[in-house]
Structure formats: structure tokens, C-alpha cells
Amino acid sequence: MKSQKGMTTLLITSMLLIVALLFSLASYKNLFYQIKRTKNEVLAREAHWAAEGGLDCGFSYIKELGNISAAKASFSNCESLLNLNDVDIYPNNYISSVYLQSAKKEIKKKIRFLPESYGAIQTRSDLKLLGGIVIAPDVIDHIDDKYYQCTSVRYSSRVYVFGGVITNLPGGSLPNVTYSYPNVVTGGLCADGYNTVSGGGFDTDITPPDFDGPVEKDFEYDQFLDPFESFFNKKRSEKVLLKSEFEVITGSIADSTDNNRCAKKINEAFIISNKVWVIGDCDLHGDSLGASPTIVNQAKILVFENGIVGTSGSGSYNGAVYHLIDEPNFYNNSLIPKWEAMSSSDDYDHLLDTNSVFFANGAFVPTGGIVFDTPGGVTTYNTSLTLTYNRSFNPYTPKYKVQWLKGSWHDF
């Protein structure tokens with residue numbers, strides 16, 4: 001009897017132990033599953049953050065170097081640093097980062113490029129257009145589909161137009177035109193609000209640019225406009241170093257038949273270098289610039305420093321022009337005597353202001369863009385102006401401010 005009770009107790013104890021063991025095994029199985037799941041989540045997060053780090057690394061290189069081609073050469077540093085398989089950027093401005101190690105992850109985010117120097121015309125002086133203007137503008141950003149943000153004139157002072165204004169298609173009908181924005185589709189258009197068409201004149205002090213106004217936002221007011229560094233990629237304090245890149249000549253107000261006339265000196269300098277720097281006053285008369293067959297379609301830059309510039313000729317110059325006045329006492333006295341010394345001014349001296357610094361008595365058209373870094377002065381075109389902007393004719397590589405497209409990053 002005692003042995004049967006012992007057997008029963010042993011059997012019950014054994015069954016309880018077996019049940020406890022089964023519960024323990026089930027718990028351990030669940031625990032192992034949770035551990036494995038947690039490990040996979042950790043690996044997945046590691047892959048995600050490694051890939052996201054690749055995006056941030058690539059973005060940093062683009063932001064530091066200011067252009068895609070220079071930055072792409074450094075993307076391999078991001079790959080080796082973060083053990084990534086690939087970091088790249090596509091023509092539609094998506095940066096891609098791929099991690100294919102213990103877990104797999106690819107992340108794509110879109111960036112936008114905002115050029116630091118842009119606009120077919122940039123001016124810190126008052127700009128007077130005594131005739132109409134037809135302008136195929138610069139393109140600075142993509143808005144939607146085939147529509148872009150266009151900039152015709154960027155100014156910090158005042159723009160007067162005494163004729164009609166038509167903002168044409170970007171590039172007009174010319175092939176292979178480039179802009180400050182790097183990826184413009186063929187047939188791209190200026191979006192609504194960036195497409196001024198005005199039958200009459202205007203004064204931006206009276207009629208400021210507005211999306212729905214007669215003057216639209218392709219005329220852009222920027223009170224802090226300071227184009228030097230963004231144009232040349234050097235600070236104003238580095239002007240001496242910058243000039244070492246140029247063929248430097250002294251300006252001339254000699255007659256149109258003189259062998260020492262300004263345009264002739266400029267054209268001779270362009271044979272030596274595609275960057276020419278003119279110091280002092282320059283009377284261009286009606287001469288063509290940079291029209292020699294060997295250089296006519298070469299990107300060029302012509303700088304006028306601390307001098308008045310007059311021209312009575314019409315025609316395109318395939319290059320960029322930068323007019324710089326930074327001499328502190330330049331406007332202390334009326335500039336009229338300087339103009340009176342120029343023979344070509346006889347045709348337009350009645351239209352000059354005491355602070356006129358540039359006067360075009362003909363359609364002098366720099367297709368690579370023109371910058372009037374001449375605060376305190378007046379720039380005048382006494383003619384109708386037709387300008388088709390083409391960034392390709394500016395030899396300086398554009399530099400960009402780079403931003404993540406809203407919604408592509410942590411826009412909480």
C-alpha cells in the first residue's frame with residue numbers, strides 16, 4: 001500500500017515536471033524567436049542608418065564642392081567609410097545609397113540645386129532700358145513637369161523700362177543652351193508668375209514684381225545682391241589673385257579708327273586668353289568683340305574695372321561681361337566730363353546722367369550674361385534689346401547651394 005502511494009506521488013511529480021519542462025521549452029522557443037527578431041531589427045536599423053549616412057555623406061560633398069561632377073569623384077569615400085555598396089546621384093537629382101551587407105537597404109532622397117549666381121542680367125546700379133526688351137531668361141529651379149522658375153533680371157536698385165517687355169522661351173530656338181539650373185528638359189517653359197509680358201513700360205519702384213502683376217517674378221529684387229564671390233568663386237579681398245587668371249589691359253577712349261582703340265586691344269587680348277580684364281574707361285564704338293573664327297564660340301569673360309563703358313554697336317558677343325566699380329571716390333564728381341572725352345558719346349550725350357557708368361547706344365548683347373556690379377551708378381540701353389541667355393558662354397563653373405527637397409528628408 002505504501003509502495004503504491006509512493007508510485008502515485010512519483011508519477012504525479014514526473015507529470016508535473018514534464019509539464020513544467022514543456023512550458024519552459026515553449027518559453028525558450030518564444031524567447032529565442034524574440035531574440036532573433038530583435039537581432040534582425042537591429043541589423044535592419046543598422047542597414048537603414050548606414051544607407052542614410054551615405055545620403056548625408058554624399059550631400060555634404062555636393063554642398064561643400066558646389067557641383068555634382070566634383071562631388072561624385074568623392075562618393076567612394078562615403079562607400080568605404082560606411083561599408084556601403086554604392087552612393088550615386090541620378091540626372092533627376094535623386095541621391096541613392098545602397099547597403100548590401102548583413103541586411104539590405106536602399107534609400108533615395110531628392111535634392112534641389114539653387115545657383116548662387118544667376119540671371120541673364122544682374123545689376124546693382126539703376127538699369128534704364130529706353131527701348132523694349134525681349135529676353136530668353138536664365139532658369140534657376142524646377143517647379144513641375146516642364147515648367148521652371150526663370151530669372152530675366154536680378155536687381156538691388158531700380159529698373160526702368162520705357163517699352164514693351166516679353167519674356168521668351170528659355171533658350172529661344174537655339175540648340176544646346178545651358179542655364180544656371182543644371183537639368184532643363186528640351187522644350188522647358190517658364191512657369192506662370194515667371195513670364196513677364198508687358199505692353200508698356202514700368203518702374204520697379206512703382207510697380208514691383210508680383211506673380212499676378214504686369215511685372216512678374218522673373219524680375220527679381222534682391223536688396224542684398226552682391227554677385228562678386230558667387231560669380232568668380234573668390235572673395236572681393238582676393239581680387240589681385242583673381243586678376244592673375246586674366247589677360248589684363250588698360251582701357252582706351254581712342255577714336256574708332258585708332259589702332260589703340262579699346263575694342264581692338266580687347267580682341268587682341270582674347271587671342272591670348274578667354275579671360276580679359278580692362279582697367280579704366282573704354283569706348284567700344286561699334287566694334288565687334290571676340291568675333292574671331294577661332295574664338296567666336298568659345299566661352300569668354302570680359303571684366304571692366306573702375307571705368308565708364310560706352311558702345312554704339314549692335315550685335316551679339318558670345319561671352320559674359322562683368323562691370324565692376326569699387327573705387328571709393330569714383331562718384332565724388334560728375335562723370336559727364338569723362339563721357340565728353342569719348343567721341344562716340346556725341347550721339348547720346350543728352351541722355352547721360354551725372355552718374356552714368358555704362359551706356360549702350362546699340363544692342364550690345366553678351367549672350368553669357370551681364371553683371372553690373374556698379375552700385376551708385378546708372379546703366380542705360382538706348383535701344384530695343386533682344387537677349388538669349390546661354391550659360392555655356394560663361395567660362396566659370398556655376399556653384400550651387402544644395403538643399404534637400406521638402407518632403408525628402410526629416411521635414412517634421
Side-chain angles (χ1 to χ4, degrees), residues 91-93 110-123 127 129 131-156 159-161 163-204 207-222 225 227 230-231 316 318 320 363 365-372 381 384-394 398 400-401 403 405-406:
N92 58 3
N93 294 338
K110 193 169 187 178
I111 59 176
R112 63 192 297 238
F113 293 90
L114 301 176
E116 294 187 2
S117 179
Y118 60 89
I121 299 174
Q122 300 181 63
T123 180
L127 176 62
L129 302 173
I133 177 171
V134 177
I135 188 165
D138 193 10
V139 175
I140 69 168
D141 201 5
H142 181 230
I143 293 180
D144 182 49
D145 193 25
K146 62 179 180 179
Y147 294 99
Y148 294 86
Q149 180 179 341
C150 297
T151 300
S152 299
V153 179
R154 190 174 172 215
Y155 66 98
S156 63
V159 179
Y160 312 78
V161 182
V165 178
I166 298 175
T167 301
N168 215 338
L169 302 175
S173 58
L174 299 179
N176 304 318
V177 175
T178 63
Y179 313 92
S180 296
Y181 184 77
N183 299 310
V184 178
V185 299
T186 302
L189 302 171
C190 295
D192 290 344
Y194 299 96
N195 193 15
T196 297
V197 178
S198 175
F202 60 81
D203 176 349
T204 55
T207 311
D210 185 80
F211 284 112
D212 299 317
V215 186
E216 296 191 4
K217 288 289 189 175
D218 56 304
F219 282 72
E220 179 184 325
Y221 174 67
D222 180 356
L225 178 63
S230 59
F231 187 94
S316 294
N318 288 334
V365 183
T367 55
I370 186 165
V371 180
F372 299 110
Y381 269 85
S384 295
L385 178 64
T386 300
L387 169 61
T388 299
Y389 177 77
N390 188 346
R391 184 67 181 70
S392 299
F393 288 121
N394 184 338
Y400 298 94
K401 296 177 183 176
Q403 297 177 348
L405 184 67
K406 189 173 178 60

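Any value given below was found using the heavy atoms of this structure, including those in side chains, with hydrogens, waters and symmetry copies removed.
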**Request:** For the pair L114 and D141, evaluate side chain to side chain contact (heavy atoms under 4.5 Å, CB included) and give the outcome as yes or no after the intermediate values.
**Result:** CA-CA 7 Å; L114 301 176; D141 201 5; 3.9 Å; yes
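- Open room surrounds CG on D192; 12 or fewer heavy atoms of other groups in view lie less than 6.0 Å from it.
- Side-chain atoms of V215 and P209, non-hydrogen and from C-beta on, do get closer than 4.5 Å to each other.
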**Message:** Quick one, L174 with N390, criterion side chain to side chain contact (heavy atoms under 4.5 Å, CB included). Give me CA distance, side-chain angles, the key distance, then yes/no.
**Reply:** CA-CA 9 Å; L174 299 179; N390 188 346; 5.7 Å; no
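- For the atom pair CZ of R391 and OH of Y181, the computed distance is 16.0 Å after rounding to the nearest 0.5 Å.
- When all heavy atoms are compared, the tightest approach of Q122 to S117 is NE2-OG, 3.2 Å.
- D138 and S180 share a side-chain donor-acceptor pair at under 3.5 Å.
- With values rounded to the nearest 0.5 angstrom, R154 atom CZ is found 13.5 Å from I121 atom CD1.
- A distance of 9.0 Å separates CG in N176 from OG1 in T186, rounded to the nearest 0.5 Å.
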**Asked** Would Y160 and F202 count as a ring-ring contact (aromatic ring centres under 6.0 Å, His included) if you check the C-alpha gap in whole Å, the side-chain angles of each, and the deciding distance to 0.1 Å?
**Response** CA-CA 6 Å; Y160 312 78; F202 60 81; 9.7 Å; no
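- Nearest heavy atom pair, residue G172 against residue T388, reads N-CG2, 4.1 Å.
- Relative ring orientation between Y221 and Y155 is described as tilted, the plane-to-plane angle lying within the 30° to 60° band.
- The side-chain hydrogen bond (donor to acceptor under 3.5 Å, both in side chains) check on S384 picks up nothing, with sequence neighbours excluded.
- When all heavy atoms of Y194 and E216 are compared, the closest pair comes out as N-OE1, 3.3 Å.
- Between S152 and P137, the shortest heavy-atom contact is OG-CB, 3.5 Å.
- Closest approach of I135 to A120, counting heavy atoms only: CD1-CB, 3.7 Å.
- The line from CZ of F372 to CG of L127 is 6.5 Å long, rounded to the nearest 0.5 Å.
- The number of heavy-atom neighbours closer than 6.0 Å to CG of D145, taken from other residues, nucleotides and ligands shown, is above 12.
- When every heavy atom of Y381 is checked against every heavy atom of P366, the shortest pair comes out as OH-CD, 4.2 Å.
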**Request:** Step by step, work out the side chain to side chain contact (heavy atoms under 4.5 Å, CB included) result for I133 and L387.
**Result:** CA-CA 8 Å; I133 177 171; L387 169 61; over 6 Å; no
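- Distance check: L189 CG to I143 CD1 gives 11.5 Å after rounding to the nearest 0.5 Å.
- N195 and T167 are not linked by any side-chain donor-acceptor pair at a separation below 3.5 angstrom, with hydrogens and angles left out of the test.
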**Asked** Could you go step by step and tell me if Y148 and Y179 meet the ring-ring contact (aromatic ring centres under 6.0 Å, His included) rule?
**Response** CA-CA 11 Å; Y148 294 86; Y179 313 92; 8.2 Å; no
